[in-house]
Peer 1: 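Dumping the structure here so I can ask a few things about it.
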Amino acid sequence: MKKLIVGIVIVMMIFGMTACSDGGGEEGGGTEGTPVTYDFTASELAGYISENVTFNDFMEEVDPQTVYELYGIDGSKVSDSCTYFSTGATAEEISVMCVDPENADSMLGEINRAFNKRIEDQIESFTDYVPAELDKLSKPLIMEIGNSVVMVVCDDPDQAKSAILEYINQ
Amino acid sequence: MLDVFFENRFNARYIMLILLVVILLFAVIARYHGMGVVNQQEEQLPDFVMNKVLEEGVTKGAGTGIDSMILKWALAAAEHPDESDAHRFDSFEGALFVGDSRTEGMKFYSGVDNADFFSGKSMNVSKVLKGETVNVGGQELSLQDLLKKKTYNKVYISLGLNELGWTSKDSFVESYGTLIDQVKEAQPDAEVFVQLLFPVSSKKSASDKVFNNANIKACNDRLTKLAEDKDVKVLDPSPPLVDTTGALKMEATSDGVHINSDYCVKWAFYLARISM
């Protein structure tokens with residue numbers, strides 16, 4: 001009986017660790033036609049971005065369910081996610097959403113659309129509120145990495161892209 | 001005769017049991033009539049508050065009323081918020097928060113997950129009255145739609161910051177009053193709270209002609225008077241958020257106006273306790 005329980009726990013741990021770890025991508029240096037495997041969790045990547053990209057505001061993690069509702073994403077089809085918002089003083093934002101390979105075809109597009117819609121909504125909110133933030137919102141970084149989509153709104157999206165590539169290639 | 005009676009062990013036990021029940025009954029009656037350890041004033045505190053007051057040892061000096069005790073207890077809780085306490089936001093169950101970007105911060109960072117939030121950046125009373133929609137639980141709804149759709153037992157309104165620059169203060173008060181009326185009409189059983197605006201930082205206050213603490217105080221005075229006229233309660237959320245000068249703590253904010261997650265938690269802890 002003990003062996004059975006240990007076996008179940010090990011299998012669960014193996015499945016639990018696969019979030020964001022599988023998938024093909026163009027940014028990993030893999031040979032053509034060979035899916036590149038990235039090994040990161042959403043919180044690891046989002047945390048790395050928050051620490052290695054310049055933000056003017058406090059960047060703080062938000063409950064995923066709140067984010068799914070706000071972005072209009074079916075959270076049940078997201079395998080792993082991590083999102084940081086600012087205090088409201090700026091439009092700065094980080095979001096990493098990962099899906100299982102079997103959901104990738106439909107969900108990556110849905111997440112991309114949701115991120116773009118979020119940018120549109122933020123532009124509408126900030127136009128009369130803090131117009132200076134529109135510059136950041138005019139150049140959001142939205143990129144797919146394997147079975148994940150990453151969005152970063154900051155002053156320097158090139159810096160954000162470099163940080164992401166540095167992280168996934170390390 | 002009595003000797004014979006008590007010699008019977010069954011009868012003795014029976015008498016002891018009756019005595020015990022009588023003592024217990026007396027203790028219960030005494031408790032509810034202010035004769036016990038807990039005096040009548042404290043008795044009116046909810047059990048949850050009372051337990052916390054006793055546990056956390058809030059000073060109960062002479063002349064301190066219930067309100068003062070609750071404020072002290074709430075401030076102590078907000079200064080060292082216990083986020084593992086499953087009951088920390090019980091008083092928000094079935095509540096609705098209506099507010100601007102500051103309230104949105106509370107929605108995102110406080111950990112309050114048993115209430116609804118109708119909030120958005122640059123939200124003001126005029127936009128709310130005109131039926132502006134925001135995302136509430138994944139649906140785009142106006143406040144009017146939301147009030148028709150769900151029943152709330154508490155409604156916390158926190159607006160006024162984005163209206164500080166309005167030229168007509170009377171127009172602001174009138175619109176805010178209309179909003180209170182709409183909420184009361186749609187939710188007759190709900191307790192409506194007007195939250196005063198908490199201050200901005202001293203740096204922001206000194207450098208901004210609109211978003212400064214003199215204007216915030218003037219707005220709060222108007223809101224206090226309005227709440228009195230409309231017979232709704234006023235809540236001042238500022239004690240856990242301000243420094244000794246009464247300005248928003250510098251460590252709490254990046255722009256002098258919005259507060260970070262730590263202070264959103266303090267705000268929610270304090271508010272939950274002063275509105276029980």
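Chain A is the first sequence line, chain B the second, and so forth, proteins listed ahead of strands; every chain is numbered from 1. Values below: every heavy atom of this structure, side chains too, minus hydrogens, waters and symmetry copies.
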Peer 1: What residues form a side chain to side chain donor-acceptor pair (under 3.5 Å) with B/K203, not counting sequence neighbours?
Peer 2: none

Peer 1: Quick one: what part of B/D100 sits under 4.5 Å from any heavy atom of chain A, side chain, backbone, both or neither?
Peer 2: neither

Peer 1: Based on non-hydrogen pairs under 4.5 Å, which of B/S101, B/G137, B/G105 is most in contact with chain A?
Peer 2: B/G137

Peer 1: Of the backbone (N, CA, C, O) and the side chain (C-beta and beyond), which part of A/Q122 lies under 4.5 Å from a heavy atom of chain B, both, or neither?
Peer 2: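 Just the side chain, heavy atoms under 4.5 Å.
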
Peer 1: Could you list which of residues 128-138 of chain A have a heavy atom closer than 4.5 Å to any heavy atom of chain B, in residue-number order?
Peer 2: A/Y129

Peer 1: Identify the residues of residues 150-157 of chain A whose heavy atoms come closer than 4.5 Å to a heavy atom of chain B, ordered by number, or report 'none'.
Peer 2: none

Peer 1: Would you find more than 12 non-hydrogen atoms of other residues, nucleotides or ligands less than 6.0 Å from B/E174 atom CD?
Peer 2: no

Peer 1: How many angstroms lie between atom OG1 of A/T127 and atom NZ of B/K121, to the nearest 0.5 angstrom?
Peer 2: 12.0 Å

Peer 1: When you look at CD of A/E124, are more than 12 heavy atoms from neighbouring residues, nucleotides or ligands closer to it than 6.0 Å?
Peer 2: no

Peer 1: In residues 68-76 of chain A, which residues are in contact with chain B at a heavy-atom separation under 4.5 Å?
Peer 2: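 Only A/E69, A/L70 of residues 68-76 of chain A have a heavy atom under 4.5 Å from chain B.
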
Peer 1: What heavy-atom pair brings B/S254 and A/N56 nearest, and what distance separates the two atoms?
Peer 2: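 Distance-wise, the nearest heavy atoms are CB-O, 4.3 Å.
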
Peer 1: Can you establish whether the number of heavy atoms outside A/K77 located under 6.0 Å from its atom NZ is more than 12?
Peer 2: no

Peer 1: Let's test your reading of the structure: which of A/D57, A/D121, A/T66 forms the most heavy-atom pairs below 4.5 Å with chain B?
Peer 2: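 Of A/D57, A/D121, A/T66, A/D57 has the most heavy-atom pairs under 4.5 Å with chain B.
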
Peer 1: Answer with side chain, backbone, both or neither: which region of B/F108 has an atom nearer than 4.5 Å to a non-hydrogen atom of chain A?
Peer 2: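 B/F108 touches chain A through backbone and side-chain heavy atoms alike.
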
Peer 1: Identify the heavy atoms of A/T87 and B/N260 that sit nearest to each other, and give their distance.
Peer 2: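 The answer is CG2-CA, 3.8 Å.
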
Peer 1: Can you tell me if NZ on B/K130 sees more than 12 non-hydrogen neighbours from other groups inside 6.0 Å?
Peer 2: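 Not buried by this count: 12 neighbours or fewer within 6.0 Å.
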
